[in-house]
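Beneath this line is the structure, given in structure tokens, with notes to follow.
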Amino acid sequence: MFPRGEIILGVRDIHVSFGTAHILRGLDLDVRAGEILGFVGGSGTGKSVLMRAVLGLAQKQQGSIKLLGQDYDSADETTRNTMDQRLGVLFQHGALFSSLTVRENIQVPMREYHSLSQKLMDELAALKMDLVGLAAHAADRYPSQLSGGMVKRAALARALALDPDLVFLDEPTSGLDPIGAADFDELISSLRDTLGLTVFMVTHDLDSIHAVCDRVAVLRDGKVLVAGSVDEVSSVEDEWIQSYFRGKRARS
Ligand SMILES: Nc1ncnc2c1ncn2[C@@H]1O[C@H](COP(=O)(O)OP(=O)(O)OP(=O)(O)O)[C@@H](O)[C@H]1O
Ligand SMILES: [Mg+2]
């Protein structure tokens, strides 16, 4: 377990471009172990791109990423492999493989990194399903046979398959009704408390931010404009921040 309060993810001066589109432009961000950090910003500003860059799935042109106390780029392959196993991911799109059952989906990371017996993987998958509040009978279902909330829970179970220290959740409550979203927030918060997880959560959901986030970081013009408590961030004089936190859909 990574020491609580220390910087578990440190991003410095990250630049990511696609052709002439310069999406991330010198972004800095620290995530501390044990916190739930909400990552917000307008649609298309680069929230998912940052997540993908940190995970090595989008190429950065410049900048450094320190994960779990180590520089990711200069680490050797074995070290990177170990680091990868300590991360869990719930992607914004395509949360599950449609041709695999829930149980098989949860076992994907286990197969990728370990050679465990089928019996042990089945037991582990059952434990993870229990952890996220999925009934045992859902194990043999395919994603198309699940409700939206169940898909999110199954995707979370897969993200937790290898007992990660840090999980990346990209809009985990999008598409859920308010009660389903509130239940999911509660689940994330209780998992953080019981498992000592650190959570990086991209979200548009103001209710989630108020309910579970310790800090919020705002992505604006390719950089983190501000990061701090909800109160600190929402009082910043910026057009986007003001319309987001105090606009029509805000609480006050
Ligand atoms: N692989 C790619 N190739 C080209 N452009 C890309 C690629 N991935 C992302 N982009 C562009 O980068 C920009 C940021 O995309 P990103 O998906 O990070 O937005 P976002 O902040 O997550 O938005 P949303 O809140 O709608 O999910 C968009 O203009 C997108 O079209
Ligand atoms: Mg996105």
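Order of listing sets the numbers, starting from 1, for every ligand and every atom in it. Positions are given from 1 along the sequence.
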(request) Provide, to 0.1 Å, the distance between atom 1 (N) of ligand 1 and the closest protein heavy atom, together with that atom's residue and name. (result) F18 CE2, 3.6 Å

(request) Check if R52 has a non-hydrogen atom at a distance under 4.0 Å from any atom of ligand 1. (result) no

(request) Would you check if there is a donor-acceptor pair between the side chains of Q85 and D163 at a distance under 3.5 Å? (result) no

(request) For G42, counting its heavy atoms only, list the atoms of ligand 1 lying under 4.0 Å from any of them. (result) 21 (O)

(request) Measure the distances from the heavy atoms of M51 to every atom of ligand 1 and state whether one is below 4.0 angstrom. (result) no

(message) With heavy-atom distances below 4.0 Å as the criterion, list the atoms of ligand 1 near Q92.
(response) 27 (O)

(message) Taking R32 first and then E6, would you say they form a salt bridge - that is, a charged N and a carboxylate O separated by under 4.0 Å?
(response) no

(message) Could you identify the single nearest non-hydrogen protein atom to atom 18 (O) of ligand 1 and state the distance to 0.1 Å?
(response) V49 N, 2.9 Å

(request) Indicate whether the side chain of N81 and that of E77 have a donor and an acceptor atom separated by less than 3.5 Å. (result) no

(request) Answer yes or no as to whether an N/O/S atom of Q92 is found below 2.8 Å from the Mg ion (ligand 2). (result) yes

(message) Does ligand 1 come near enough to G44 that some N or O of the ligand is less than 3.5 Å from an N or O of the residue?
(response) yes

(message) Any N/O/S atom, side chain or main chain, of S48 closer to the Mg ion (ligand 2) than 2.8 Å?
(response) yes

(message) So for ligand 1, is I23 a polar contact partner (N or O within less than 3.5 Å, distance only)?
(response) no

(request) Please say whether more than 12 non-hydrogen atoms of neighbouring residues, nucleotides or ligands are located less than 6.0 Å from CD in E123. (result) yes

(message) Within the structure provided, determine whether F200 and V167 are in side-chain contact (heavy-atom separation under 4.5 Å).
(response) no

(message) Applying a heavy-atom cut-off of 4.0 Å, say which part of E171 lies close to ligand 1: side chain, backbone, both or neither.
(response) side chain

(message) Is it the case that over 12 heavy atoms from other parts of the model lie below 6.0 angstrom from the CD atom of Q59?
(response) no

(request) Would you tell me whether S48 and Q92 have side-chain atoms, one donor and one acceptor, within less than 3.5 Å of each other? (result) yes

(message) Could you go through S74 and D71, starting from their C-alpha distance and side-chain angles, then the distance that decides it, and tell me whether this counts as side-chain hydrogen bond (donor to acceptor under 3.5 Å, both in side chains)?
(response) CA-CA 6 Å; S74 60; D71 183 77; 2.9 Å; yes

(request) Check whether the side chains of D76 and T79 place a donor and an acceptor atom closer than 3.5 Å, and report yes or no. (result) yes

(request) Kindly indicate whether a cation-pi arrangement holds for R80 with Y72, taking the cut-offs as under 6.0 Å to the six-membered ring centre and within 45° of the axis. (result) yes

(message) Considering both backbone and side-chain atoms of G46, is one of its nitrogen or oxygen atoms within less than 3.5 Å of a nitrogen or oxygen in ligand 1?
(response) yes

(request) For atom 17 (O) of ligand 1, find the nearest protein heavy atom and state the residue, atom name and distance (0.1 Å precision). (result) S48 CB, 3.6 Å

(message) When you measure from atom 31 (O) of ligand 1 to the protein, is at least one non-hydrogen atom found at a distance under 4.0 Å?
(response) no

(request) Please write down residue, atom name and distance for the protein heavy atom closest to atom 24 (P) of ligand 1. (result) S43 OG, 3.6 Å

